[in-house]
Amino acid sequence: DALQIVRDQYPDWEISVTCRSGMISCSTAAEDVPVKVLPFASEAIVANDMLSADLLYLPLPFQQHAVTFGKFSMSTKLVTYLGSGLPILYHGPQDAAACKLLTLHDAAVICTTLDAGTIASQIVESASKRESTVDHALTLARSQFMLADQQSRFWGTIAEAL
């Protein structure tokens with residue numbers, strides 16, 4: 001619904017969605033925003049997909065049964081998204097760990113509602129904040145998610161415990 005609002009407001013924008021999410025079912029009408037559902041793929045194939053993307057969507061569930069999942073875990077997809085050079089639209093609960101991290105570093109456009117009008121506004125906002133959110137995301141990726149740093153923290157903690 002949000003993408004339909006954006007398409008109506010910006011008819012010159014080419015809007016489509018590509019999901020690499022396996023076998024989710026998705027029924028669309030001819031007048032809907034085009035959605036392509038592809039199977040999961042290797043990192044190289046996903047990186048190639050990103051070459052034609054303008055925005056990366058990072059959804060987390062809003063349902064009550066998933067609250068703990070969002071509060072205490074960080075999606076591995078987030079690390080890839082941060083280093084992609086593309087703006088991120090985070091869409092999920094405000095108290096999720098990913099939301100807090102992205103907000104703290106101003107590394108994404110944050111959407112914490114299911115209201116289609118608000119989501120549409122934030123999609124549009126992502127275009128105007130593209131350069132700054134990408135710069136902040138890359139800075140965050142470099143400062144907290146470099147493999148050598150992660151390994152050093154991990155093994156350093158173990159060495160201290162021994």
Side-chain angles (χ1 to χ4, degrees), residues 1-63 65-67 69-70 73-94 96-103 105-142 144-147:
D1 293 340
L3 289 174
Q4 187 63 46
I5 292 169
V6 174
R7 187 167 75 170
D8 292 345
Q9 291 175 346
Y10 297 89
D12 56 320
W13 287 13
E14 185 179 323
I15 298 175
S16 65
V17 176
T18 300
C19 301
R20 283 222 173 259
S21 53
M23 302 305 289
I24 65 168
S25 63
C26 182
S27 60
T28 58
E31 68 276 0
D32 289 343
V33 170
V35 176
K36 186 187 322 180
V37 180
L38 301 173
F40 291 110
S42 69
E43 188 173 334
I45 291 172
V46 172
N48 190 55
D49 290 345
M50 289 183 183
L51 296 174
S52 62
D54 294 309
L55 177 66
L56 299 175
Y57 180 60
L58 181 64
L60 286 182
F62 284 91
Q63 294 90 346
H65 72 272
V67 168
F69 166 77
S73 67
M74 197 76 67
S75 169
T76 54
K77 182 188 317 182
L78 175 61
V79 177
T80 301
Y81 279 20
L82 288 170
S84 71
L86 293 165
I88 301 165
L89 175 65
Y90 166 85
H91 187 215
Q94 189 169 1
C99 183
K100 290 177 180 179
L101 179 70
L102 293 167
T103 300
H105 294 276
D106 196 23
V109 172
I110 306 296
C111 183
T112 59
T113 180
L114 293 171
D115 176 71
T118 303
I119 298 166
S121 295
Q122 290 172 315
I123 291 169
V124 172
E125 178 185 335
S126 72
S128 66
K129 292 179 68 176
R130 180 182 179 91
E131 190 173 322
S132 66
T133 57
V134 168
D135 287 347
H136 294 149
L138 289 169
T139 299
L140 175 58
R142 284 186 206 103
Q144 293 193 28
F145 295 105
M146 298 301 289
L147 180 59

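Side-chain atoms are counted along with the backbone in the values below, which use heavy atoms only and exclude waters and symmetry mates.
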(message) Just to verify, what does D12 make a side chain to side chain donor-acceptor pair (under 3.5 Å) with, not counting sequence neighbours?
(response)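 Side chain to side chain donor-acceptor pair (under 3.5 Å) check on D12 returns nothing, list empty.
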(message) Just checking Q9: does its CD atom have more than 12 heavy atoms from other residues, nucleotides or ligands closer to it than 6.0 angstrom?
(response)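 Yes.
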So which atom in [X] and which in [Y] form the shortest heavy-atom distance, rounded to 0.1 Å?
X: L89; Y: C111; value: CD1-CB, 4.1 Å
X: A96; Y: Y90; value: CB-OH, 3.3 Å
X: P61; Y: A66; value: CG-CB, 3.5 Å
X: A41; Y: V46; value: O-CG2, 4.0 Å
X: L60; Y: A98; value: CD1-CB, 4.3 Å
X: S84; Y: L56; value: OG-CD1, 3.2 Å

Side chain proximity check, [X] to [Y], heavy atoms < 4.5 angstrom:
X: R7; Y: L3; result: no
X: V134; Y: K129; result: no
X: S126; Y: T133; result: no
X: H105; Y: T139; result: no

Which residues satisfy the side-chain contact (heavy atoms from CB on, under 4.5 Å) test with [X], sequence neighbours excluded?
X: T18; value: K36, L38
X: H136; value: D106, A107, S132
X: T103; value: C99, I110

(message) For residues 48-61, which residue pairs pass the side-chain hydrogen bond (donor to acceptor under 3.5 Å, both in side chains) check, not counting sequence neighbours?
(response)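 Those involving residues 48-61 are R20-D49, Y57-H91.
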(request) Any side-chain hydrogen bond (donor to acceptor under 3.5 Å, both in side chains) involving residues 107-123? Give me the pairs, sequence neighbours left out, ordered by first then second residue. (result)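 Non-adjacent pairs meeting side-chain hydrogen bond (donor to acceptor under 3.5 Å, both in side chains): D115-T118.
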(request) Output, in order, the C-alpha distance, side-chain angles, deciding distance and verdict of side chain to side chain contact (heavy atoms under 4.5 Å, CB included) for L102 and L78. (result) CA-CA 10 Å; L102 293 167; L78 175 61; 3.8 Å; yes
(request) Nearest 0.5 Å please: distance from the CD atom of Q144 over to the CG atom of L82. (result)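 One gets 9.5 Å once the value is rounded to the nearest 0.5 Å.
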